[in-house]
Undergrad: 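Dropping a structure here in structure tokens format, bear with me for questions.
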Amino acid sequence: MSCSEARRSRLRGFGLFLGLAALVWVVTEASGRSRELAWLLQDLAAGRFAASVACCLASQILFAAAWHVLARNGWIGARAIGDMSRWAQSLPGKYLPGKIWQGVARGALYADGDTAPRGVLLLFLREQCLSLGLCAAIAATYAPAALPPRAGAWLQVGLACGAVALTWAGIWRRWPIAISPRSSRLWSGRSRVGPSYRASALAWLLQAGAYSAMSAGFVVLAGGGDMPLAGSQAAAAMCLSGLIGVAALFVPAGIGVREAGLVWGLAPWVGTAEAAGLALMWRLAITGAEVMFSGAGFLLPLVRPLRAAGPGPGRDLRTDQNSSTPE
């Protein structure tokens, strides 16, 4: 094992330990005052948790549809199921071994010649930029109550600027070449540029729908009982905790870190015990939806084999997905 591999292995181990430690703290906070969580259990029995999972599942479908639009430079019905299934199959990669491996898995799933792996990885980065930009924009709508007003305002400004920068990075068609001029040797012709602005806009709208569904799912959980929390506040706290989980690069899927961030953001409004219980229920809801959608992505090809051929005879997919006009 090389030094770099050993270092990455240690970082992954540390990240897993950090995430588990944060998760244990959240569980301890939630279970220490179980009487105060009675409202949450009542809402779960009434179907509130199932509704939240359904919203999360809808968000996964929309995220996968956005990936298809980016991959094909527009909506192509004959290719949608295959692309969305591969997106679902790559989901487990962000849990084990870690986030970046979702992109690596995505590239490997297209290694049969359907799309050049290098192109898939670049599209994956564009997809993540658009997604994180939307997440930052929602998080910027409310400052965390745990911060002083001035610090909260600066955080909102930083998140808003980050949202603009990430969105621009996601739609800027020539950014790989601008980042590294030498990388231009790796692409030829129109494959140097990304999806058309029209396709990027459609993918952005689909991702916005996905975040709306996800926010609705979280609001369903947070809206029970006497919790004094507006829907927009809940959505902003949920997105901020998601960004905290992404920032913890070596923690698989942000497990534990995301929950701790959510408790930090919600505790001043609803109390630590309620926030911890809500964070755990949200983790179960979103992970349950991802497991279901990923499972469907693996089962669907067994029922309906995915086409391995390109989009048509005599056509280069890399040219199709980067042409100026979507099909």
Side-chain angles (χ1 to χ4, degrees), residues 11 14-15 18-19 22 25-26 59 63 66 94 98-100 102-103 124-173 175-176 178-179 194 200-201 203-216 218-219 222 229-270 272 275 278-279 282-283 286:
L11 286 173
F14 175 74
L18 179 64
W25 175 78
V26 174
S59 74
F63 277 129
K94 72 177 183 178
K99 301 177 186 69
I100 193 62
Q102 185 180 4
F124 173 78
L125 292 176
R126 290 184 183 278
E127 174 197 41
Q128 296 304 303
C129 285
L130 289 175
S131 177
L132 292 175
L134 277 164
C135 192
I138 297 172
T141 57
Y142 269 91
L147 290 177
R150 187 179 183 87
W154 277 111
L155 177 61
Q156 286 181 283
V157 171
L159 288 171
C161 293
V164 172
L166 286 166
T167 303
W168 177 247
I171 65 175
W172 187 18
R173 301 187 70 197
W175 65 262
I179 291 174
S200 296
W204 185 88
L205 288 174
L206 287 168
Q207 288 187 344
Y211 275 108
S212 297
M214 189 182 299
S215 298
F218 186 70
V219 170
L229 190 64
S232 53
Q233 291 174 313
M238 182 267 293
C239 287
L240 181 59
S241 69
L243 291 173
I244 293 172
V246 171
L249 188 61
F250 294 100
V251 180
I255 291 178
V257 176
R258 176 180 291 187
E259 285 70 41
L262 194 54
V263 173
W264 173 77
L266 293 179
W269 283 320
V270 302
T272 302
L278 181 59
W282 177 239
R283 169 60 72 178
I286 194 169

Undergrad: Does Ala165 have any side-chain contact (heavy atoms from CB on, under 4.5 Å) partners at least two apart in sequence or in another chain, and if so, which?
TA: none
Undergrad: Walk me through whether Leu278 and Val270 qualify under side-chain contact (heavy atoms from CB on, under 4.5 Å).
TA: CA-CA 10 Å; Leu278 181 59; Val270 302; 5.9 Å; no
Undergrad: Give every residue pair that meets the side-chain hydrogen bond (donor to acceptor under 3.5 Å, both in side chains) criterion with at least one member in residues 149-165, sequence neighbours excluded.
TA: none
Undergrad: Heavy atoms, side chains only, cut-off 4.5 Å: are Leu147 and Trp264 in contact?
TA: yes
Undergrad: What are the two closest non-hydrogen atoms of Val219 and Gly231, and how far apart are they?
TA: CG2-O, 3.6 Å
Undergrad: Roughly how far, to the nearest 0.5 Å, is CH2 of Trp282 from CG of Leu262?
TA: 9.5 Å
Undergrad: Show me the side-chain donor-acceptor pairs of residues 138-145 shorter than 3.5 Å, one per line, residues at least two apart or across chains.
TA:
residue : atom : partner : partner atom : Å
Thr141  : OG1  : Ile138  : O            : 2.6
Tyr142  : OH   : Ser232  : OG           : 3.4

Undergrad: Within the distance-only criterion (no hydrogens, no angle test), does the side chain of Arg258 pair as donor or acceptor with the backbone N or O of Met238 below 3.5 angstrom?
TA: no
Undergrad: What is the minimum heavy-atom distance between Gly261 and Ser241, and which atoms define it?
TA: C-CB, 4.0 Å
Undergrad: Find the distance between SG (Cys135) and CG (Leu166) and round it off to the nearest 0.5 Å.
TA: 10.0 Å
Undergrad: What is the distance from atom CZ of Arg126 to atom CH2 of Trp172, rounded to the nearest 0.5 Å?
TA: 9.5 Å
Undergrad: List the residues meeting side-chain contact (heavy atoms from CB on, under 4.5 Å) with Ala163, not counting sequence neighbours, and say none if there are none.
TA: Ala136, Ala137
Undergrad: Output side-chain donor-acceptor pairs under 3.5 Å for residues 205-212, partner residues at least two apart or in another chain, one line each.
TA:
residue : atom : partner : partner atom : Å
Gln207  : OE1  : Ser131  : N            : 3.1
Gln207  : NE2  : Glu127  : O            : 3.4
Tyr211  : OH   : Ser131  : O            : 3.1
Tyr211  : OH   : Ser131  : OG           : 2.8
Ser212  : OG   : Ala208  : O            : 2.9

Undergrad: Please name all residues satisfying side-chain contact (heavy atoms from CB on, under 4.5 Å) with Ala153, sequence neighbours left out, ordered by chain then number.
TA: none
Undergrad: Quick one: are Leu159 and Leu243 in side-chain contact, heavy atoms under 4.5 Å?
TA: yes
Undergrad: So which atom in Gly170 and which in Ser200 form the shortest heavy-atom distance, rounded to 0.1 Å?
TA: O-OG, 4.5 Å
Undergrad: Once rounded to the nearest 0.5 Å, what's the spacing between atom CG of Leu132 and atom OG1 of Thr167?
TA: 9.5 Å
